[in-house]
Structure formats: structure tokens, C-alpha cells
Number of protein chains: 2
Amino acid sequence: MKPVAPSEVEQRLERLRLACRNTGMRMTHQRLEIFREVAQSNEHPDAETIFKRVREKMPTISHDTVYRTLASLEEMGLVDRVETMAGRARYDANPDCHHHFVCTRCGSIADFYLDQAPSLPEGIENLGSAESLHVQVRGICHNCKNN
Amino acid sequence: MKPVAPSEVEQRLERLRLACRNTGMRMTHQRLEIFREVAQSNEHPDAETIFKRVREKMPTISHDTVYRTLASLEEMGLVDRVETMAGRARYDANPDCHHHFVCTRCGSIADFYLDQAPSLPEGIENLGSAESLHVQVRGICHNCKNN
DNA sequence: TCTCTAGATAGGAATTGTTCTTATATAGGA
DNA sequence: TCCTATATAAGAACAATTCCTATCTAGAGA
């Protein structure tokens, strides 16, 4: 999987700086490094993976900080949490509208884009007010199929 | 939310009996009662809820049996596990192709049906071989909106 | 630049959801 | 009815996440 382009990473980091300024949330080293890990990865890392990577640079980082920060970033709309069937939540800093292909064998997640949003049925507003739509395709990824 | 029609519940139980006969899996009281709880509910109960309800009839039922049985039923294709953002897995015995509206406030889940499956983009087969497609609409349900 | 303080962190304990272990029980075929 | 592979109960263990609290610090204001 090709890495996120450096210019794109920089744009994402800029969004973090802006969001901190706008919401009054402090821009700590921890937040910067945690967000950077998500922003520069296409592989939708889980909290433990992020924890391990950040710890290379900041050996005293705690699990709590990683979880708390990811929750804040999610609340600010800077990252999305992706739920799969595999127990651990995965994180995603791609701000464009997209969907996920989830490999049910290895758990890898890949983004894809829909040309047009699926048309929801008439009665959907009887259920509540929709805020977001998530399409998840599950199957076996090529890497697993070839092994 | 209206309950599942008794005739539909009976059909679902019949599918369980058939599946047990076909796969050689034993038809125990515990399995029957656990499946019945999922089959007769529209509310996509989680394992703990199922555990509590079954315990009314079978006071010695264990958590392990509930989890193990739900996993077996899922493997046999008799129930689906629904992942939401809320930590606990939810279960569903509706065998028809359907999708979910998830309330992000109270966690309630409602089924809806799509007239036609969303058309996946050209390149999707480059990611892997798709096996199932899940559309989840998130928002605030009417019950929450009015409180 | 220095000070101050509300908000953030580290470290470990606690909690929650789920799975494992093992002794006992039972479904269903012979 | 008997036999045995399979399933269960009970509680321990595990894994992911959150809580607790003493300490620290970003960033506003002097």
C-alpha cells in the first residue's frame, strides 16, 4: 500500500493546528505525534499500533493518552474510527468521503470511493435523522488470496 | 418497535433445526433458547442482554455458552453480528438482505432495505474478492430526538 | 520573559466484553 | 439403555479500553 503523499500529510497536520486554534484545545507534542501517525498511514492503524509507533519517539507515552487523544481527534472530526469485526477499533485520517474494503482474513482495510451515494429508501427518515453513511465491503484481499 | 411475527419466528426456528440436522450440530436446550431470543427480537440484542433473558428460563446458563453459541450460529449463517461503535457486538436473525440505521446516541439499531445494491466502483476487484456488502446509516433516532 | 492555572499526561489500577480451562453433563446414534 | 463425542457451567484469564490521581505544561496574561 503506497504511503500518504507528504503534501497531503502536511495538509492534514495543518487541519489539526487549525482545529486546535479554533476549539481552544491545546497543541501538545503527544497530540501532534499521535495524529501524525494516523495522518501519514493508509493502513488504518489500531490504537496499540499507534501507541507502539509513537513510543519510538516518546518513550513515556501512555496508552491512556493515545486512547484519549484518538477520542478527541474523532470528536473534532479529524479522524474516523472504523469498526470491523475484529475487536480493536481502527483509525483513519482521510478527510474525503470514502468507504472501506475489509479483509475478513487478515483484517486489512483499504479505502474506495463511490461514484454516487446509494439512494436510501423512502422510509428512512421514519427511523431518524441520518448523519453519515458508511459502506463496508467484506471479503478476502488479494494478499491473502495469494497465500 | 413491533415484535417479529410469530410465524416468522417459527420459520427461523425451523431453519435452526434444519441447520443442526445438516451440520450434525446438536440441538441443545441452550442453543434453542439463545437462538429464540435473537429470532424473536427486532432490537438486535447484545450478548449480555441475551444472557439475561435466557437466564430467566435457564438460571444456570453461563456467559460462555451464550458467546460460544452465538459464534456457532454466526458460523452457520443463522445470525449476523452487527458492529457498531459502542463496544458490544449486537446480533440479528433477520435472514433477508438488509442494512442498519444506528442511533449514535442510544445505540438502537433498525433494519432498512435498499431497492438496489449500491454500484461498486470499477477498481474494487483490485482490492480483493468481495463477499458481502454492509450499509450503515448513522444518526439520531426519533426516540432520542424527542427527548 | 515570567507566572499562573486550566487542561493534559504518565503510570498503574480498574472495568468491560469476551474467551479459555476443566470437570461434569447430555444429545443422539448404536 | 448404553456409550461417547460434543456441549455446558463456573470461574479464571485475557484483551481492549477507561478511570484515577499525582504531576506536568501550553499558552494566556502580567
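Because the structure is predicted, anything quoted here is derived from the model rather than measured. Here is the naming used below: chain letters follow the sequence lines, and residue numbers restart at 1 for every chain.
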With a strict under 4.0 Å distance from non-hydrogen atoms of chain A, what nucleotide opens and what nucleotide closes the contacted stretch of DNA chain D, reading 5' to 3'?
D/dA16 to D/dG27
Can you name the side-chain contact (heavy atoms from CB on, under 4.5 Å) partners of A/Cys141, sequence neighbours left out?
A/Phe101, A/Cys103, A/Cys106, A/Ser108, A/Asn143, A/Cys144
Listed pairs, N/O of protein and of nucleotides 15-20 of chain C, under 3.5 Å:
from, atom 1, to, atom 2, distance (Å)
C/dG17, OP1, B/Arg88, NH1, 2.8
C/dT18, OP1, B/Ala89, N, 3.2
C/dT18, OP2, B/Tyr67, OH, 2.5
C/dC20, N4, B/Asp64, OD1, 2.6

Can you pull out every salt bridge (Lys or Arg N to Asp or Glu O under 4.0 Å) where at least one residue sits in residues 62-85 of chain B? Sequence neighbours excluded, please.
B/Asp64-B/Arg68, B/Glu74-B/Arg81, B/Arg81-B/Glu83
A/His99: side-chain contact (heavy atoms from CB on, under 4.5 Å) partners, not counting sequence neighbours:
A/Cys97, A/Phe112, A/Leu114, A/Leu133, A/Val135
Would you please name every residue forming a side-chain contact (heavy atoms from CB on, under 4.5 Å) with B/Glu14, sequence neighbours left out?
B/Arg17
Salt bridge (Lys or Arg N to Asp or Glu O under 4.0 Å) pairs, two or more places apart, involving residues 126-147 of chain A:
none
Using the side chain to side chain donor-acceptor pair (under 3.5 Å) criterion, which residues pair with A/His63? Sequence neighbours excluded.
A/Glu48
Under-3.5 Å N/O pairs linking protein and nucleotides 28-30 of chain C:
from, atom 1, to, atom 2, distance (Å)
C/dG28, OP1, B/Met27, N, 2.9

Let me test you: for the helix from C/dT1-D/dA30 to C/dA30-D/dT1, what is the angle between the axes at its two ends (five pairs each), rounded to 10 degrees?
30°
Qualifying residues under salt bridge (charged side-chain N to carboxylate O under 4.0 Å, His left out), relative to B/Arg15, sequence neighbours excluded
none
By side-chain contact (heavy atoms from CB on, under 4.5 Å), A/Asp111 pairs with (sequence neighbours left out) A/His44, A/Asp92, A/Asn94, A/His98, A/His100
